[in-house]
Structures are given as structure tokens and as C-alpha cells.
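Structure record follows, encoded as C-alpha cells.
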Amino acid sequence: MSTTGATADPLAALGELPGVAESVESVRKAVDRVYGHRIMRRRSNAITSEAALRGARGSAALSGADWALEEVRRRSDFSGDDEARAVGAALRLTAEAGQLLSIWRQSPLRVLARLHLVAAADEADEVGRPRQEGEPVAEPLVELPLPGAEEMHGRLDGLAGLVMAGGSAPALVTAAVVHGELLALRPFTSHNGLVARAAERIVLIGSGLDPKSVCAAEVGHAELGRAAYLAALDGYASGTPEGMAAWIAHCGRAVELGARESTAVCEALQRGAA
């Protein structure tokens, strides 16, 4: 991650990039709309559960398992092929994310290790810890140059330091940087995309922007499409102000679309159709 200059709060500096303030404000309005819906006041648990399911489906789609929502809802066995395992991992991560909020700000690396353990769901030596030099990474849909283990560990420690330090950056900016940096680094030997999107969810919930977890950014990322997702990620990885701002705006649009999806669920519940 690079910023526009030396500062005690580099995430806050990213919030000052052209267009980012507008993205932050647009996201806030979208979130406020869904939280202000009358159904949210009475059936927020149902909206949260549905957003979790749809978010997991969206995250799995970005990892190559683009299943219909009803298939995800219907299935109980996710042990078959690679696609089924990806969907199962996304569902487990969505369920786990809410249990890790209290740990995130104190120990983000511990949370990331736990997320990888949950996603991988096996006992291999490389599960639940950042990769070591020479270990391969199975993340075929992300084609960015892979940082070496030493660089990755240094940048991962830096990211953890930023999270623990807090600061004045908007939640959208922090969530986008956590998401983008994890995808750029690919710190684990597998499931990095799923872990990165789960971490983005944790930031959005824990920051207070989306405390009930009803604005699933994964829904929006999937709706915007994998090509746009990877193109925006290229902008983040470039480290240029324009590229960083474009990635943050892309993540903001994803949150807005997640909020729109939950608003539609609220409307359906209000009509008695769901």
C-alpha cells in the first residue's frame, strides 16, 4: 500500500483523494436508507441472515463458484468439487466474521489466521498462518505479481499496525485498503480472496457503518463483475492516487449495491413475498 505522502494517518490521507469523499457520502446515504426501512426496525435479524447468505454467494462467485442463490440456499453438502468447497468456505467465513469483531482491532493477524483456518477447513501445515518463502499460492483468478514472503510479512505487519492504531479514516477507506492489501499480498497459500472479503465485512461491521451486517459488499462486488473487480484491484496495486481512489470508489459502489439488495429484501418482506 502506498499513500500520497508521509503522514501519521495514511488511511486518512487516502480519504482526501479526489472523489473519495463523494464515495463515502454516497455509501452513508445508501446505508441510512436501508437502516431507515420500517422492516429493519421489526425484522432486522431476518435481513441480516439473508444478507449473510447473499454475501457468501457473491464472495464464492468471485472465487469461481458462481452458483444461483437458491442452489446455495438448498444445498447442505459442500464437500463435492472445488466449486462446492468454495461455496462452503464462503458460508463458514460469513458465519465466523461476526464472532471475531471484538478481536479484530486488538489482533488483526490473529483474526486473519482464524479466517484462513475456517476457510481451508483442514489440518495442513500451511493452514492458519501466513505463507513462507517458496510455498505456492493457489489463487488463480488474481494475476498480480506475487510479493515474496519477506515483503508480504512486512506489509502484513504494517497493515495490522494501521488497523490497531485506528485513526480518523472513514470506514469505507479502511475496509477497501484491508481488502485490497490482502488481495495484493495473498498472505496465505489458498482462499485469499474469500478471506479478504470477509475481512472487509468485519471492518464495515466493526466500524459502526453497518453494525447489523445488512449491506453485504460481496453482493455488490459480484454484481459489478469479476472483470471490473480485477481491473479496480490493478488500480489499487499500482499505488497511484488515481488507482487507489478508483479501488475505494469500486468498493463503495459494492457496499451501495449490497444495501440496495437488502432494501429489496425489506420490500419483499413488507409485501409478504419473502
Side-chain angles (χ1 to χ4, degrees), residues 11 14-15 20 22-35 47-63 66 69 72 89-91 93-98 100-101 104 111-112 115 119 141-142 163 169-184 191-233 235-236 244-265:
L11 293 179
L14 293 177
V20 170
E22 290 81 357
S23 293
V24 169
E25 180 61 21
S26 184
V27 165
R28 169 55 65 188
K29 289 179 179 178
V31 173
D32 285 347
R33 279 194 294 272
V34 66
Y35 274 83
I47 307 303
T48 296
S49 296
E50 187 64 20
L53 183 72
R54 295 180 185 220
R57 192 217 72 82
S59 190
L62 290 167
S63 287
D66 193 1
L69 179 63
V72 178
L91 289 166
L93 284 173
T94 301
E96 187 76 10
L100 298 171
L101 294 171
W104 173 251
V111 169
L112 292 173
L115 290 173
L141 300 179
V142 178
V163 170
L172 171 64
V173 172
T174 303
V177 167
V178 167
H179 184 171
E181 191 72 354
L182 290 174
L183 277 177
H191 300 92
N192 289 288
L194 293 172
V195 168
R197 291 184 288 275
E200 179 185 47
R201 173 182 284 265
I202 287 172
V203 174
L204 293 171
I205 300 169
S207 66
L209 176 65
D210 182 22
K212 294 184 183 295
S213 190
V214 297
C215 302
E218 306 97 316
V219 169
H221 286 305
E223 184 173 337
L224 291 167
R226 190 183 303 157
Y229 181 71
L230 295 176
L233 178 62
Y236 175 87
M244 299 287 281
W247 170 251
I248 294 167
H250 185 88
C251 290
R253 182 59 180 151
V255 176
E256 291 180 53
L257 291 171
R260 188 183 71 179
E261 182 93 350
S262 285
T263 300
V265 173

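Counting from 1, the numbers follow the sequence of the chain as shown. For clarity, every value in this text was computed on a predicted model and none was experimentally measured.
At least one side-chain heavy atom of Tyr236 sits under 4.5 Å from a side-chain heavy atom of Val177. Leu257 is listed as a side-chain neighbour of Arg260, based on a closest heavy-atom distance under 4.5 Å. Ser23 is not listed as a side-chain neighbour of Arg253, based on a closest heavy-atom distance of 4.5 Å or more. In this structure, the side chains of Asp66 and Arg57 come closer than 4.5 Å at one or more pairs of heavy atoms. Within the 4.5 Å cutoff, side-chain heavy atoms of Leu91 are placed close to those of Leu53. Looking at Leu182 and Asn192, their side chains never come closer than 4.5 Å, going by heavy atoms from C-beta outward. The closest side-chain heavy-atom distance from Cys215 to Val34 is below 4.5 Å.
Under the 3.5 Å distance criterion, the side-chain polar atoms of Ser26 are left unmatched by any main-chain donor or acceptor of Glu22. Without hydrogens or angle criteria, Trp104 side chain to Val111 main chain gives no donor-acceptor distance under 3.5 Å. Tyr35 places a side-chain N or O within donor-acceptor distance of the main-chain N or O of Lys212, the cut-off being under 3.5 Å.
Taking both residues in full, the closest heavy atoms of Leu204 and Ala217 are given as CD1-CB, 4.2 Å, listed atom of the first, atom of the second, then distance. Taking each heavy atom of Leu224 and Ala254 in turn, the nearest pair found is CD1-N, 4.1 Å. Of all non-hydrogen atoms in Ser262 and Ala51, the two that sit nearest each other are OG-CB, 3.8 Å. Nearest heavy-atom pair, Trp247 versus Leu183, reported as atom, atom and distance to 0.1 Å: CH2-CD1, 4.5 Å. The shortest non-hydrogen separation linking Leu194 to Ser59 is CD2-OG, 3.3 Å. Pairing each heavy atom of Val20 with each of Leu14, the nearest pair is CG2-O, 3.7 Å.
Counting only residues at least two apart or in different chains, ring-ring contact (aromatic ring centres under 6.0 Å, His included) contacts with residues 199-220 are absent.
Take His191 and apply the ring pair (Phe, Tyr, Trp, His ring centres under 6.0 Å) test, not counting sequence neighbours, and it matches no residue. In this structure, the side-chain hydrogen bond (donor to acceptor under 3.5 Å, both in side chains) partners of Arg201, at least two apart in sequence or on a different chain, are Ser213, Glu218. When the side chain to side chain contact (heavy atoms under 4.5 Å, CB included) test is applied to Leu101, the partners found at least two apart in sequence or on another chain are Ile202, Ile205. Partners of Tyr229 according to the side-chain hydrogen bond (donor to acceptor under 3.5 Å, both in side chains) rule, which considers only residues two or more places apart in sequence or in another chain, are His179, Arg197. Residues that satisfy the side chain to side chain contact (heavy atoms under 4.5 Å, CB included) test with Thr174, not counting sequence neighbours, are Leu11, Ala169, Val178, Val203.
Annotation: the span from His221 atom NE2 to Leu62 atom CG amounts to 7.5 Å, rounded to 0.5 Å. If you take CD1 on Ile47 and CD on Glu261, they are separated by 11.0 Å, rounding to the nearest 0.5 Å.
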